[in-house]
There are 2 protein chains.
Amino acid sequence: MATSRDVARIAGVSQPTVSRVLNGNPRVAEEIRQRVVQAMDELGYIPNTSAKAMRTARSGAVGIVASEILNPYFPRLLDTLTREARARDLGVVLWNDADPAAPMAEAGVKGGVVDGVVFTAVLAGGQGPTLLAEHGVPVVVVNRAEANCPVDHVTSDHEATGYASAAYLLDHGRSDLAVVAGPRDSLASPAREHGLRRCLDERGVQVGEERWLVGTTSYEHGLAASERLLRSGPMPGAVYCTADVIAFGLMSGLRRNGVRIPEDVWVMGNDGLPMAAWDAFDLTTQRQPVEEMAQRGLELLAQRMAGDAGATRRVLLPTALEVRGSTAHA
Amino acid sequence: MATSRDVARIAGVSQPTVSRVLNGNPRVAEEIRQRVVQAMDELGYIPNTSAKAMRTARSGAVGIVASEILNPYFPRLLDTLTREARARDLGVVLWNDADPAAPMAEAGVKGGVVDGVVFTAVLAGGQGPTLLAEHGVPVVVVNRAEANCPVDHVTSDHEATGYASAAYLLDHGRSDLAVVAGPRDSLASPAREHGLRRCLDERGVQVGEERWLVGTTSYEHGLAASERLLRSGPMPGAVYCTADVIAFGLMSGLRRNGVRIPEDVWVMGNDGLPMAAWDAFDLTTQRQPVEEMAQRGLELLAQRMAGDAGATRRVLLPTALEVRGSTAHA
DNA sequence: CTGAAAGCGCTAACAT
DNA sequence: ATGTTAGCGCTTTCAG
């Protein structure tokens, strides 16, 4: 592999001059610059990343901590994050790490592999972001809003979304609700439940324990929940699911048992997956601005990496209610 | 950030001794080793990756070239690839790069960011793998089998899968077929079409041009195809789609128009997405061993990175026919 | 505007 | 078994 010395030799200049050309240093004579550039692409020269990183103590890369690659919303997030990184000439290192302490990220940061970290993991109580932030590492948390975590956050407003979802259902006369929720140790689902509960409390609506089913964020949980609901008495007027995939499973289970949607029961999801619009589901949901979250998240991170030391920011993006046939009214 | 010199000072040894402990060099006295280890975690020491990479001319990371993050099978691939990489203590750098020349990978390799590359991009005719291989870079291509490309490949046998799919349909008396295929500049779809065609030719079965619809790998293409089929005459006995998502769209479009599946027409997909098993689709398909492809792919790559210079290998993994309700027979 | 010299943190020879 | 020395390829003073 060609080095800057090789380039220098070919161009008949000193090696530091090559470095200056590389970094756009203006104090290089145009004629010399030309010679160097020509030598560079004659050799197909690419500067050695490790050497540059060691010398400058910056890697030019960001890390992404993910524990949820198989979650249906994750690809959109990752796609946007990688594009935004590329647009800023930042490399992307991916850590598939479910440990809330984020040991891979810590090692990556301390080892100088990355200059900043995007946390996308859904588990709550993770000390990872806080630990890194305390070491002065630029960090942004995307799609979760952890309390007492002194780092930048970009997330959809799960609590408000839960509230709005309940309000929508109640406003349309569906006051006997059931809820099928994702895991309690995640962040999105409990926040949505919390918002929902707040609205219910305000309006004096009760939901029995047997109609508030907590499980995983999965089709299977929705399927199982449908069985539970069918056995535990008459159909509620509406079922709110904290995730679209849960709703997909729920609808399948209900239909297997001859329950019609929306005639016999309304079903509502939350996430706004593109799939929710498909005929097979036609699911009313709350669309999360996943792409915008990723874009704003990387923007914030890039600012921090550029030295911005301002106060911690929390960006709460609104979700959009998408009404479809699963709650069709008039 | 602590360096090996700091560790050495604390432990009262020379800096290279720290390096020896780090690399498990056996010629270190146990007592000294203990002192060094203790100093290390006293300081929370993590060796600098750039320095090590520069010195050894190895980064300890692999690159993944992806242009299809949003494809529904990609997350499973990525999830497995990252796990397998971690199991081998390899970092993962992700390039979201649709350019078939794979400029990001080339820069990454030349810059010493990675020691090997996994290509997962679906576009055909990409010069990327060949270019890198010619430079002696370990490369593996996953889920496509490009002709005249002298690098390791791991892929499901798309051609055989197409053949087997046609045989299944014909064996069950469905001899008037329609085909809805993905893009011609991809690799999987044309190979599947080719296998299909081979079987049809062997059995003297004809498929009219108006019943062989090529488009993108998307729900929308399937939806549009259903309209075309409905307009172009009587329903065929079966429709084979080169991808599950296409089949999902097709089924939606058909059902909108009162066509029943499988009573009026059989529908078959190809990919074996977990979703295909959901009630809403209940789709007969060919399951690709995505996880195994990823696992074998990284295994091969790791061997090459470890110096294996044997002949280029092509691993063709079989798919598994999963018969479901969309082609239900007796 | 350009070159000479130093050094980032580590590993690999070499010396003891 | 351990320490000393050198150098990976680059950027950054410092001279000139």
Side-chain angles (χ1 to χ4, degrees), chain A residues 1-40 43-61 89 91 107-115, chain B residues 1-40 43-61 89 91 107-115:
Chain A
M1 211 87 310
T3 74
S4 61
R5 285 177 94 108
D6 300 330
V7 175
R9 195 163 17 81
I10 303 251
V13 298
S14 74
Q15 181 269 327
T17 296
V18 175
S19 183
R20 291 187 184 102
V21 171
L22 216 52
N23 295 291
N25 188 322
R27 295 188 299 206
V28 178
E30 181 55 22
E31 187 225 356
I32 297 250
R33 207 188 61 79
Q34 301 257 341
R35 282 216 317 266
V36 171
V37 167
Q38 189 181 336
M40 279 176 174
L43 289 171
Y45 169 73
I46 301 279
N48 183 292
T49 307
S50 300
K52 174 165 187 164
M54 180 159 61
R55 186 61 241 238
T56 60
R58 308 201 111 246
S59 69
D89 254 308
V109 165
K110 287 197 173 176
V113 177
V114 301
D115 300 330
Chain B
M1 211 86 317
T3 74
S4 60
R5 286 177 94 107
D6 300 331
V7 175
R9 194 161 19 78
I10 303 252
V13 298
S14 75
Q15 182 269 326
T17 296
V18 176
S19 184
R20 290 187 185 102
V21 171
L22 215 53
N23 295 291
N25 188 320
R27 297 189 298 207
V28 178
E30 181 56 22
E31 187 225 356
I32 297 252
R33 207 189 62 78
Q34 300 257 340
R35 281 217 318 265
V36 171
V37 167
Q38 189 180 337
M40 277 176 175
L43 290 170
Y45 168 73
I46 300 279
N48 183 293
T49 306
S50 301
K52 174 167 187 164
M54 178 157 62
R55 188 60 244 241
T56 61
R58 310 201 109 244
S59 69
D89 255 308
V109 165
K110 287 197 173 177
V113 177
V114 301
D115 301 330

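Below, each value reflects all heavy atoms present in this structure, side chains not excepted, and no hydrogens, waters or symmetry copies. Residue numbering restarts at 1 for every chain, and letters A, B, ... go by the order of the sequence lines.
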Rounding to a whole Å, what distance do you find between B/Gln34:CD and D/dA1:C1'?
16 Å

Taking only side-chain nitrogens and oxygens of B/Thr3, does any of them come within less than 4.0 Å of OP1 or OP2 of C/dC8?
no

A/Glu30 and A/Gln34: side-chain donor and acceptor closer than 3.5 Å?
yes

Please state how far atom CG in B/Asn48 lies from atom P in D/dG9, giving the value in whole angstrom units.
16 Å

How close or far is atom P of D/dT13 from atom CZ of A/Arg27, stated in whole angstroms?
11 Å

Would you give the length of the straight line joining atom CG of A/Leu22 to atom OH of A/Tyr45, rounded to the nearest 0.5 angstrom?
5.0 Å

5' to 3', nucleotides 11-16 of chain C under a 4.0 Å protein heavy-atom cut-off (B base, S sugar-phosphate only, - none) gives BBB---

Rounded at 0.5 Å granularity, tell me how far OG in A/Ser4 sits from CZ in A/Arg20.
12.0 Å

Tell me the closest heavy-atom pair linking A/Met40 and A/Val21, and the distance in Å.
CE-CG1, 4.4 Å

Applying side-chain contact (heavy atoms from CB on, under 4.5 Å), name anything that partners A/Arg55, two or more places apart in sequence or on another chain.
none

Hey, what do you get for CZ (A/Arg9) to CD (A/Gln15), rounding to the nearest 0.5 Å?
12.0 Å

Report the end-to-end axis angle of the helix from C/dC1-D/dG16 to C/dT16-D/dA1; each axis comes from five terminal pairs, and the value is rounded to 10°.
40°

Distance from B/Leu43 atom CG to B/Gln38 atom CD, nearest 0.5 Å?
10.5 Å

Starting from P on D/dT2, measure out to CG on B/Asn25 and report it in whole angstrom.
10 Å

Whole-Å distance separating the CD1 atom of A/Ile32 from the C1' atom of C/dT2
7 Å

CG/B/Asn48 to NZ/A/Lys110 distance, rounded to the nearest 0.5 angstrom?
13.0 Å

Roughly how far, to the nearest 0.5 Å, is CE of A/Met54 from OG of A/Ser59?
14.0 Å

Mind calculating the distance between CZ (A/Arg5) and P (C/dA4) to the nearest angstrom?
11 Å

Measure from CZ on A/Arg33 to P on C/dT2 and round the result to the nearest Å.
12 Å

